[in-house]
**Q** 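Starting off with a structure, shown below.
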Amino acid sequence: MPIIHILNGPNLNLLGQRQPEIYGRETLADVEDACRALGQEMGMDITFAQDNFEGGLVERIHAARGVADGIIINPAAYSHTSVAILDALNMFEGPVIEVHISNIHKREAFRQHSYVSARADAVIAGAGTHGYRLALRHLAELLA
Ligand code: DHK
């Protein structure tokens, strides 16, 4: 059974409360439940985590090495700033899918560059929280 680590960056713990006009009304727990349900349907073992700290995300990526078959990551604001997360992902052997709930390309100029995209095998932006399930389906294809 493929092992998928789904990692979420800063402020996503407040999903559902933070700027719902941009990020929607679903909570991160709702996203986790939906991912676990789809994972079960597709025969995937899902680990789901959120971290407000850059180093915490780096350590979770290290922990995925040699353990997870694929990573789905919404690095949130660290997408636009973090060479450390890019470097950590470059040490991960499997496919990496980058997810943004909002369409970062329609937003402020500073959101339109993501360091993580230099490593990601696919980038999903603007599909809302459905983007996580799209990422799971794409990983299933890549790992088949
Ligand atoms: C989430 C954030 O927290 C922002 O900092 C990013 C991303 C966009 C999202 O759309 O999921 O710029």
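Just so you know, ligand 1 is whichever comes first in the structure, and atom 1 is the first atom listed for that ligand.
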**Q** Between side-chain atoms of residues 49-56 and protein atoms elsewhere (two or more places apart, or another chain), which donor-acceptor pairs fall under 3.5 Å?
**A**
{"unit_1": "Gln50", "atom_1": "NE2", "unit_2": "Gly9", "atom_2": "O", "d": "3.1"}
{"unit_1": "Gln50", "atom_1": "NE2", "unit_2": "Asn13", "atom_2": "OD1", "d": "3.4"}
{"unit_1": "Gln50", "atom_1": "NE2", "unit_2": "Asn52", "atom_2": "OD1", "d": "2.9"}
{"unit_1": "Asp51", "atom_1": "OD1", "unit_2": "Phe53", "atom_2": "N", "d": "3.2"}
{"unit_1": "Asp51", "atom_1": "OD2", "unit_2": "Arg60", "atom_2": "NE", "d": "3.2"}
{"unit_1": "Asn52", "atom_1": "OD1", "unit_2": "Asn11", "atom_2": "N", "d": "2.9"}
{"unit_1": "Glu54", "atom_1": "OE2", "unit_2": "Ser82", "atom_2": "OG", "d": "2.6"}

**Q** Around atom CZ of Arg25, are there more than 12 heavy atoms of other residues, nucleotides or ligands at under 6.0 Å?
**A** no
**Q** Less than 3.5 Å apart, which donor and acceptor atoms pair up between the side chains of residues 125-144 and the rest of the protein, not counting sequence neighbours?
**A**
{"unit_1": "Thr129", "atom_1": "OG1", "unit_2": "Glu26", "atom_2": "OE2", "d": "2.8"}
{"unit_1": "Tyr132", "atom_1": "OH", "unit_2": "Asn8", "atom_2": "OD1", "d": "2.6"}
{"unit_1": "Tyr132", "atom_1": "OH", "unit_2": "Asn74", "atom_2": "ND2", "d": "3.3"}

**Q** Between ligand 1 and the protein, find all N/O pairs closer than 3.5 Å and give the distance for each.
**A**
{"unit_1": "ligand 1", "atom_1": "3 (O)", "unit_2": "Arg18", "atom_2": "NH1", "d": "2.9"}
{"unit_1": "ligand 1", "atom_1": "3 (O)", "unit_2": "Arg18", "atom_2": "NH2", "d": "3.1"}
{"unit_1": "ligand 1", "atom_1": "5 (O)", "unit_2": "Ala77", "atom_2": "N", "d": "3.1"}
{"unit_1": "ligand 1", "atom_1": "5 (O)", "unit_2": "Arg111", "atom_2": "NH1", "d": "3.2"}
{"unit_1": "ligand 1", "atom_1": "10 (O)", "unit_2": "Ile101", "atom_2": "N", "d": "3.1"}
{"unit_1": "ligand 1", "atom_1": "10 (O)", "unit_2": "Ser102", "atom_2": "N", "d": "2.8"}
{"unit_1": "ligand 1", "atom_1": "10 (O)", "unit_2": "Ser102", "atom_2": "OG", "d": "2.6"}
{"unit_1": "ligand 1", "atom_1": "11 (O)", "unit_2": "Asn74", "atom_2": "ND2", "d": "2.9"}
{"unit_1": "ligand 1", "atom_1": "11 (O)", "unit_2": "Ile101", "atom_2": "N", "d": "2.8"}
{"unit_1": "ligand 1", "atom_1": "12 (O)", "unit_2": "His80", "atom_2": "NE2", "d": "2.7"}
{"unit_1": "ligand 1", "atom_1": "12 (O)", "unit_2": "Arg111", "atom_2": "NH1", "d": "2.9"}

**Q** Check whether the side chains of Glu98 and Ser79 place a donor and an acceptor atom closer than 3.5 Å, and report yes or no.
**A** no
**Q** Can you list, pair by pair, the side-chain donor-acceptor contacts under 3.5 Å of residues 83-94, counting residues two or more places apart and other chains?
**A**
{"unit_1": "Asn90", "atom_1": "ND2", "unit_2": "Leu86", "atom_2": "O", "d": "3.4"}
{"unit_1": "Glu93", "atom_1": "OE1", "unit_2": "Gly66", "atom_2": "N", "d": "3.4"}

**Q** Starting from the C-alpha separation in whole Å, work towards a yes-or-no answer on side chain to side chain contact (heavy atoms under 4.5 Å, CB included) for Arg36 and Phe48.
**A** CA-CA 9 Å; Arg36 288 194 185 286; Phe48 196 96; 3.9 Å; yes
